[in-house]
*Asks:* 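Would you mind keeping the following structure in view while I ask a few things?
These numbers come from a predicted model, not from an experiment.
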Amino acid sequence: MHISETERAADQGGPTLAQLLALIAAGTLDVVVAPLGTGVPVSDVVLHDPGEEGDEDAWAAAGLVLLAVGVEAASPEAVDVLRAADRAGAAAVVMRRGARGPRAALLEAAGRGRTALLTRRAGQGWTEVLGQLRTALVHSVPDRSGGAAGVDGLRLGDLSGLANTVADLVGGAITIEDPQSRVLAYSRMDHEPDPMRRLTILGQEVPRWRVVELRESGFFQALWNTDDVVRLPADERYAERLAVAVRHGSEVLGSIWAAADGRPLAEDAVAALRTAARAAVPHLSHHRTWGRAAAWAREGSVHALLAGSGQPAHDVGIVRGRPYAVMVAEAHDGPEPAPGDTGQRVQRVLDVLALRAAAYRPGCVTARSGQRLYVLVPASDGERDPARTLLATARSVPRGVVFAGAGPVVPDLAELPASRDAAELVVRVLRERAARLPPAGAGSAVASYEEVAAEAAVLRLLDRVEPLWEKTAGPVHAMLEHDRSHGACYGESVAAYLDAFGDTAAAARHLNVHPNTLRYRLRRARELFGVDLADPAVRLLAEIGLRLGPTRPRS
C-alpha cells in the first residue's frame, strides 16, 4: 500500500510543512524548491543568524524549519547556509527573497539536497513569520484525545470560519468575544436573531448595561473561573445561552457564546462547546498577537501616507489616482469624566468614530494617534466636501467631546499631508474656540477648512511669528511677564476689550466684572507697562502677543 509523506509525518507524531503553510497567512512564504515535497514532518521552528559562531549545533536536528535571518536568496552566503541546513537534516530553510530572487547556484543546490527552500516576501517581518509558524505548529499537533472534528483545516485567525463551524456543531448562533465583551466574529444568521444578538452584532459589543447586569449577577465570575460551559437560562426577554471561556493556561483569551436561533440547541451542544474552546485557543492567540500587529502595520502605513514619507509598507485599501480628503477627530473627556475612566472613555469614543467611518462609505481608511483619529475619505469626481456627513456624526458621539475637522480634497496621494495639515488646523481652531467659552457651554464641534479659513490662516501666521516674538521685547511682553509672575489678569482684560471692539460694557460682562473695574485695569496696564490701546501699533502687538500667550491657549 502506498503511504504518502503526510501520512508518514502523522505517524511520526508531527505536523507537516504543508500543514503549517496552509495555516499561516496567505502570501507570507513562497515554496521555491521542495525536493521531498511539502509533506515532510516538522519538529520546530528556529531563528538562525549565520553570523553567530557555533550556532549550527543548536539547530542540528531533523525536522527543523530554519529562518535564516539576514540572508537574502541572491546573496553569496545563501548556498552555504542551505548546504549546512541540509547536512543538519533541516526540513526547510526560509530566506529573504529580495528584489532579484534566488540565484541559479542556490536553486541547483536546493535541487540536489533534501531540505526545502522557501522565501519570505517583502513586507513580512521575521518576528511575525516566526510567530505565525510556531502558532501553526502548536495548532497542528495531532489531538490524540479525539479533537475538534470539523474545525481542522481553518486558517489561523479565521474567526468567522471558526464561528460558522462551531454553529454547525452546536446547532445554534455563535458569537466569539474578547474579554471586554467586544465581538470578534459571529456565525451566519440563518434565522432571525433575538433582540440581544441583534444589538450585540450591530454595536460590535455586548451593550454596556447588559455587561453590568451579567457582572452584578455573578455570571462573569463563574464564566472566567471555570473551564466548563456555563448556562445562562432563558427569560421572558432572551433565549437561553451557553458560554465557555477560551483560555491559554491562566490567560483568558475570550469566550464563545451559543444561542438558540429558532431551533433547540443540539443535545451534545455542551460537549461541542468544550471542544470548540480548545480548538479556538490558537485562533484567538493568533488574532491577539498578529491581528494586532497587522493592524499596527496598516496604521503605520496610513501615517506614512499622511506624513508624505514614502510608499506604504502594507496595503491599506487606498486607490491610487482617486481624490481624497483627510478628516481629523480629536476626542476629549466630557465635562464630568468618570473616576479612573479618562483614557478608556476617549478610546471608546475613537472606537465609535472608527466604526462610523468604516460604515460611512466604501474605501474610508482610518488610523489613530493618541487622542486623534485620522480618516482618509474618498471623494467622487467633482465632490468638494466628501466628509460633511461624517463630520455631523462626529458631533453626536455620546460620552465625550469631539473636535473634528476636514481638510480640502486633494487629487493625488502625494498631497495628503496638505489636507491633513488643514484638518489639524481646523481642530486647533475649534479647540481654541471652546477654550474661550465657559465650561458649561463647551461641547463637541465640527467644521470644514473652508468654514474656518480665516482663523486657520491666523494660526499659520502666528506659528511663523512666534520664534520672532520670543526674541523681542516691549510693553506687551512686560505685561504678560507680570501676569505670569504675579498671577495678575491685565492680559485677560486687554484681550476681552479687544475682542469686544472697545465696548467696555460688553467686555466687562464677558469677564463678569463691573465696567469700572475693567477701566481701572486698562488704565493700570497703560501706566505700568505702556500698553496704550489708543495706539494702533500697540493694539496690533497686543493682539499678537495675547494670541501667542496663555490668555488664549493655542494647544
Side-chain angles (χ1 to χ4, degrees), residues 5-6 9 14-52 55-140 155-157 282 286 289-290 293-294 297 313-314:
E5 289 287 352
T6 301
T16 67
L17 179 60
Q19 289 172 323
L20 299 190
L21 296 177
L23 287 171
I24 67 174
T28 302
L29 301 176
D30 291 319
V31 178
V32 180
V33 178
L36 302 182
T38 56
V40 295
V42 173
S43 59
D44 200 359
V45 182
V46 298
L47 290 172
H48 169 61
D49 186 342
E52 297 180 8
D55 191 52
E56 184 171 329
D57 292 338
W59 50 269
L64 291 183
V65 172
L66 176 67
L67 304 186
V69 178
V71 178
E72 186 174 313
S75 63
E77 67 268 25
V79 174
D80 294 334
V81 171
L82 178 63
R83 287 173 176 166
D86 194 57
R87 289 193 299 270
V93 173
V94 183
M95 301 178 182
R96 183 162 55 89
R97 181 174 184 82
R100 292 175 292 174
R103 293 192 308 160
L106 180 63
L107 298 176
E108 182 181 355
R112 291 179 177 179
R114 297 171 58 86
T115 298
L117 172 64
L118 283 69
T119 55
R120 187 204 75 185
R121 291 191 184 180
Q124 302 289 340
W126 284 116
T127 304
E128 182 176 351
V129 172
L130 176 65
Q132 288 197 46
L133 286 172
R134 283 190 170 169
T135 306
L137 188 68
V138 173
H139 180 58
S140 302
R155 189 175 295 279
L156 276 177
H286 181 274
T289 303
W290 305 115
H314 286 67

*Asks:* Could you tell me whether the side chain of Arg120 reaches within less than 4.5 Å of the side chain of Thr28, counting heavy atoms only?
*Replies:*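 Of all side-chain heavy-atom pairs linking Arg120 with Thr28, none is under 4.5 Å.
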*Asks:* List the atom of Pro41, the atom of Ala91, and the distance in Å for their closest heavy-atom pair.
*Replies:*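 Heavy atoms only, the tightest pair is O-CB, 3.8 Å.
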*Asks:* Using the salt bridge (Lys or Arg N to Asp or Glu O under 4.0 Å) rule, collect all pairs that involve residues 15-24, keeping only residues at least two apart or in two chains.
*Replies:*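 Output for this query is empty, none listed.
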*Asks:* Locate the shortest heavy-atom distance separating Leu107 from Pro102; write the atom from each residue and the value.
*Replies:*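 Result for this residue pair: CD2-CB, 3.9 Å.
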*Asks:* Looking at every heavy atom in both Asp86 and Gly113, which two are closest together, and how far apart are they?
*Replies:*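 Taking every non-hydrogen atom into account, OD2-CA, 3.6 Å.
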*Asks:* Taking side-chain contact (heavy atoms from CB on, under 4.5 Å) as the test, write out the residues that go with Ala92, two or more places apart.
*Replies:*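 If we apply the side-chain contact (heavy atoms from CB on, under 4.5 Å) test to Ala92, skipping adjacent residues, the hits are Leu17, Val65, Ala116, Leu118.
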*Asks:* Using the side-chain hydrogen bond (donor to acceptor under 3.5 Å, both in side chains) criterion, which residues pair with Arg83? Sequence neighbours excluded.
*Replies:*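 Listed in chain order: nothing, the list is empty.
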*Asks:* Should Val45 and Leu67 be marked as a side-chain contact (heavy atoms from CB on, under 4.5 Å) after you check the CA-CA gap, both sets of side-chain angles, and the distance that decides it?
*Replies:* CA-CA 7 Å; Val45 182; Leu67 304 186; 4.1 Å; yes
*Asks:* Taking side-chain contact (heavy atoms from CB on, under 4.5 Å) as the definition, give me every residue that meets it alongside Ala78, ordered by chain and number, with sequence neighbours left out.
*Replies:*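 For Ala78, the residues satisfying side-chain contact (heavy atoms from CB on, under 4.5 Å) (neighbours in sequence not counted) are Val71, Ser75, Met95, Leu106.
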*Asks:* Please give me the minimum heavy-atom distance between Ala85 and Leu66, naming the atom from each residue.
*Replies:*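 Looking at all heavy atoms of both residues, the shortest contact is CB-CD2, 3.9 Å.
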*Asks:* Give me the atom names and distance for the closest heavy-atom approach of Val46 to Leu64.
*Replies:*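 For Val46 versus Leu64, the nearest heavy atoms are CG2-CD1, 4.1 Å.
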*Asks:* Return the set of residues passing salt bridge (charged side-chain N to carboxylate O under 4.0 Å, His left out) with Arg112 (not counting sequence neighbours), or none when no residue passes.
*Replies:*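 Arg112 satisfies salt bridge (charged side-chain N to carboxylate O under 4.0 Å, His left out) with Glu108 only.
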*Asks:* If you compare all heavy atoms of Thr115 against all heavy atoms of Ala90, which two are closest, and at what distance to 0.1 Å?
*Replies:*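 In this case the closest contact between Thr115 and Ala90 is OG1-O, 2.8 Å.
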*Asks:* Please, which pairs that meet side chain to side chain donor-acceptor pair (under 3.5 Å) have at least one residue in residues 92-104, sequence neighbours excluded?
*Replies:*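 Found Glu72-Arg96.
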*Asks:* Return the set of residues passing side-chain hydrogen bond (donor to acceptor under 3.5 Å, both in side chains) with Asp30 (not counting sequence neighbours), or none when no residue passes.
*Replies:*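 If we apply the side-chain hydrogen bond (donor to acceptor under 3.5 Å, both in side chains) test to Asp30, skipping adjacent residues, the hits are Arg121.
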